[in-house]
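These figures come from a predicted structure and were not determined experimentally.
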Amino acid sequence: MTATAPAGGLALDPDRNLALELVRATEAAAISSARFVGRGDKNRVDQAAVDAMRPVLGSVGMSGVVVIGEGEKDAAPMLFNGEQVGNGSDPEVDIAVDPVDGTTAAAKGLPDAIAVVGLSERGTMFDPGPCVYMHKLVVPTQAADSVDPEAPVADILSAVARAVGKQPADLTVAVLDRPRHTDLMAEIRATGAAVRSLLDGDVAGAIAVGQPDSGVDLLMGVGGTPEGVIAACALRCSEGAMFGRLQPRDEEERRAALDFGHDLDRILTTTDLVSGGDVFFAATGVTGGALLPGVRFQPASVVTWSLSMRSRSGAIRLIQTRHDRSRSNLISH
């Protein structure tokens, strides 16, 4: 019998959770890239992750197209936009992927590097086109209806604090540690709130907002647009909401964005970025951080920690896996 798709959903056996199948791909990427953690070469980190993830994604029962690929900003090895992934069977899906978000952090042995994959129905992921960066605000779901993403920083923090039953001084805000955010960090600290600096890659920080035990209450600042779409996949499945506005780097990119059809004044919501009714997300920690512990190599095994999430069921699984070094096909021997 062929499964029929529920309204707003994928044509899947209802007991089949693609996020659990995608975890094998993020585990493979995390394990392979973790061998180069702290060794100073971010391209080796990325290449190892891509080489490990691609064949596992190819074995998954789906017909996928990479809408949000990785590596385009710095010519690193990539799962490129438009690449076909999966074994060619149903369902037809869009894929958002970053084999390692935080390659520089991993290369330096720093926290918050993760391997991530998001998936939704074909045609439901936002295409950034030429826009590499966007301004992002990620808040807990309780604050989504009361916060004005264009308000001053102090007003945003006050609104979020009221919504979650805290004082502004109790909040921790994740911000990419970049010179462009010097003033933003000062404004946050002026309210009494704490800043959690993200050294490289903001996907983990955005997702952490939707995880109640992460210790991260908000994410603010300018980061990658592809990473914003990836994070939106996770936030569709968890307790967080994103607001974004495209941020062209120069006049040439601004004109290209307008020619592409983007409204640069529009505030994009989580569902604008990923509109599908059945969204899946998987992540595995490469280096430990607010979201997940990192890969641990032991004499006879390799231990990983992963998240598996599905929007339709609301299921969020934290998966600790012990991979036998002598038998696992996710470990290169």
Side-chain angles (χ1 to χ4, degrees), residues 65-76 78-82 94-98 101-102 116 118 120 123-139 143-145 147-153 155-156 173-185 187-188 198 200-207 209-210 218-236 240-276 279 281:
V65 174
V66 176
V67 175
I68 302 296
E70 59 85 45
E72 295 170 320
K73 285 184 289 187
D74 54 8
M78 67 177 74
L79 277 153
F80 57 86
N81 289 358
D94 286 347
I95 302 286
V97 59
D98 199 340
D101 179 64
V116 291
S120 68
T124 60
M125 284 188 186
F126 179 79
D127 185 350
C131 295
V132 174
Y133 289 103
M134 67 188 303
H135 189 278
K136 305 174 194 177
L137 171 66
V138 181
V139 301
D145 293 333
V147 71
D148 176 359
E150 297 188 287
V153 169
D155 292 348
I156 290 173
V173 186
V175 181
L176 271 173
D177 189 2
R178 300 289 186 271
R180 63 178 177 265
H181 290 149
T182 299
D183 291 343
L184 171 62
M185 291 182 180
E187 290 182 69
I188 292 169
L198 303 174
D200 181 42
D202 61 1
V203 172
I207 299 169
V209 175
L218 299 87
L219 176 135
M220 303 180 79
V222 176
T225 308
E227 289 84 352
V229 178
I230 292 171
C233 290
L235 294 169
R236 285 294 313 278
M242 179 181 288
F243 302 92
R245 188 178 65 250
L246 298 174
Q247 188 99 359
R249 293 171 292 180
D250 52 35
E251 180 60 24
E252 181 180 356
E253 191 170 298
R254 190 190 72 84
R255 288 196 303 270
L258 293 173
D259 290 343
F260 193 81
H262 286 318
D263 178 353
L264 299 180
D265 295 321
R266 180 185 177 189
I267 299 297
L268 299 163
T269 66
T270 317
T271 52
D272 291 326
L273 295 170
V274 184
S275 61
V279 182
F281 180 82

K.L.:
When you look at CG of Asp250, are more than 12 heavy atoms from neighbouring residues, nucleotides or ligands closer to it than 6.0 Å?
P.N.:
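Yes, the 6.0 Å shell around CG holds more than 12 heavy atoms from other groups.
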
K.L.:
Minimum heavy-atom separation for Gly129 and Phe260, please, with both atom names.
P.N.:
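Taking every non-hydrogen atom into account, CA-CZ, 3.6 Å.
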
K.L.:
I'd like to know if the side chain of His181 reaches the main chain of Leu176, judged simply by a donor and an acceptor atom lying under 3.5 Å from each other, with no hydrogens or angles considered.
P.N.:
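Indeed, once roles are kept as given, a pair shorter than 3.5 Å links the two residues.
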
K.L.:
Looking at every non-hydrogen atom in both residues, tell me the closest pair between Ala257 and Leu264 and how far apart they are.
P.N.:
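It is CB-CD2, 3.9 Å.
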
K.L.:
Quick check against the 3.5 Å criterion: does Thr269 have a side-chain atom that pairs as donor or acceptor with the backbone of Phe243?
P.N.:
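No, Thr269 side chain to Phe243 backbone: no donor-acceptor pair under 3.5 Å.
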
K.L.:
To the nearest 0.5 Å, how far apart are CG in Asp200 and CG in Asp101?
P.N.:
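If I round to the nearest 0.5 Å, the distance is 7.0 Å.
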
K.L.:
Looking at CG of Leu273 and CE of Met134, how far apart are the two atoms once the value is rounded to the nearest 0.5 Å?
P.N.:
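So the gap between those two atoms works out to 5.0 Å.
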
K.L.:
List in chain and number order the residues that pass salt bridge (Lys or Arg N to Asp or Glu O under 4.0 Å) with Glu252, two or more places apart in sequence or in another chain; answer none if no residue qualifies.
P.N.:
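So Glu252 forms no salt bridge (Lys or Arg N to Asp or Glu O under 4.0 Å) with any residue.
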
K.L.:
For residues Thr271 and Arg236, determine if any side-chain heavy atom of one lies less than 4.5 Å from a side-chain heavy atom of the other.
P.N.:
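With C-beta onward as the side chain, the pair touches.
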
K.L.:
Applying the side chain to side chain contact (heavy atoms under 4.5 Å, CB included) criterion to Leu218, which one of Val175, Ile188, Ile156 satisfies it?
P.N.:
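Between Leu218 and the candidates, side chain to side chain contact (heavy atoms under 4.5 Å, CB included) is satisfied uniquely by Ile156.
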
K.L.:
Go through Phe126 and Asp272 one step at a time and tell me if the side-chain contact (heavy atoms from CB on, under 4.5 Å) criterion holds.
P.N.:
CA-CA 7 Å; Phe126 179 79; Asp272 291 326; 5.9 Å; no

K.L.:
Would a 4.5 Å heavy-atom cut-off, applied to side chains only, mark Pro152 and Glu187 as touching?
P.N.:
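Contact flag for Pro152/Glu187 side chains = no.
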
K.L.:
Within a strict 4.5 Å, meaning less than it, do heavy atoms of the Val173 and Leu184 side chains meet?
P.N.:
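They are not in side-chain contact.
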
K.L.:
Checking the side chain of Thr124 only, and the main-chain atoms of Val274 only, is there a donor and an acceptor separated by less than 3.5 Å?
P.N.:
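Checked: no pair found.
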
K.L.:
Can you list the residues that meet the salt bridge (Lys or Arg N to Asp or Glu O under 4.0 Å) rule with Glu253, with sequence neighbours excluded?
P.N.:
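Residues passing salt bridge (Lys or Arg N to Asp or Glu O under 4.0 Å) with Glu253: Arg249.
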
K.L.:
Is a donor on one side and an acceptor on the other found under 3.5 Å between the side chain of Arg178 and the backbone of Val222?
P.N.:
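No, because the side chain of Arg178 does not come within donor-acceptor range (under 3.5 Å) of the backbone of Val222.
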
K.L.:
What are the two closest non-hydrogen atoms of Asp94 and Gly123, and how far apart are they?
P.N.:
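For Asp94 and Gly123, the tightest heavy-atom pair comes out as OD2-N, 2.9 Å.
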
K.L.:
At their closest point, which heavy atom of Asp177 faces which heavy atom of Met185, and how far apart are they?
P.N.:
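Shortest heavy-atom contact: CA-CE, 3.8 Å.
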
K.L.:
Which residues pass the side-chain contact (heavy atoms from CB on, under 4.5 Å) test with Val65, sequence neighbours left out?
P.N.:
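With neighbours one apart ignored, the set is Gln84, Arg122.
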
K.L.:
With the threshold set at 4.0 Å, does a side-chain nitrogen-carboxylate oxygen contact exist between Arg254 and Asp259?
P.N.:
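No.
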
K.L.:
Main chain of Val116, side chain of Asp98: is a donor-acceptor contact present, judged purely on distance under 3.5 Å?
P.N.:
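Absent.
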
K.L.:
Under the criterion side chain to side chain contact (heavy atoms under 4.5 Å, CB included), which of Val67, Val279, Ile95 is the partner of Ser120?
P.N.:
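In the set Val67, Val279, Ile95, the residue that makes a side chain to side chain contact (heavy atoms under 4.5 Å, CB included) with Ser120 is Val279.
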
K.L.:
Do the side chains of Leu268 and Leu246 get nearer than 4.5 Å, heavy atoms only?
P.N.:
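Result yes, sub-4.5 Å side-chain heavy-atom pair found.
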
K.L.:
List the atom of Phe281, the atom of Cys233, and the distance in Å for their closest heavy-atom pair.
P.N.:
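Reported closest heavy-atom pair: CD1-CB, 4.1 Å.
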
K.L.:
Taking atom SG of Cys131 and atom CZ of Arg245, what is their separation to the nearest 0.5 Å?
P.N.:
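The SG atom of Cys131 sits 12.0 Å away from the CZ atom of Arg245.
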
K.L.:
Which heavy atom of Pro226 sits nearest to which heavy atom of Gly69, and what is that distance?
P.N.:
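So the minimum-distance heavy-atom pair works out to CB-O, 4.4 Å.
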
K.L.:
With rounding to the nearest 0.5 angstrom, report the CE to CD1 distance, Met125 to Ile230.
P.N.:
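Answer rounded to 0.5 Å: 8.5 Å.
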
K.L.:
Enter the distance from Glu150:CD to Leu137:CG here, rounded to the nearest 0.5 Å.
P.N.:
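Rounded to the nearest 0.5 Å, the CD-CG separation comes out at 10.5 Å.
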
K.L.:
Find the distance between OG1 (Thr225) and CD (Gln247) and round it off to the nearest 0.5 Å.
P.N.:
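These two atoms lie 9.0 Å from each other.
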
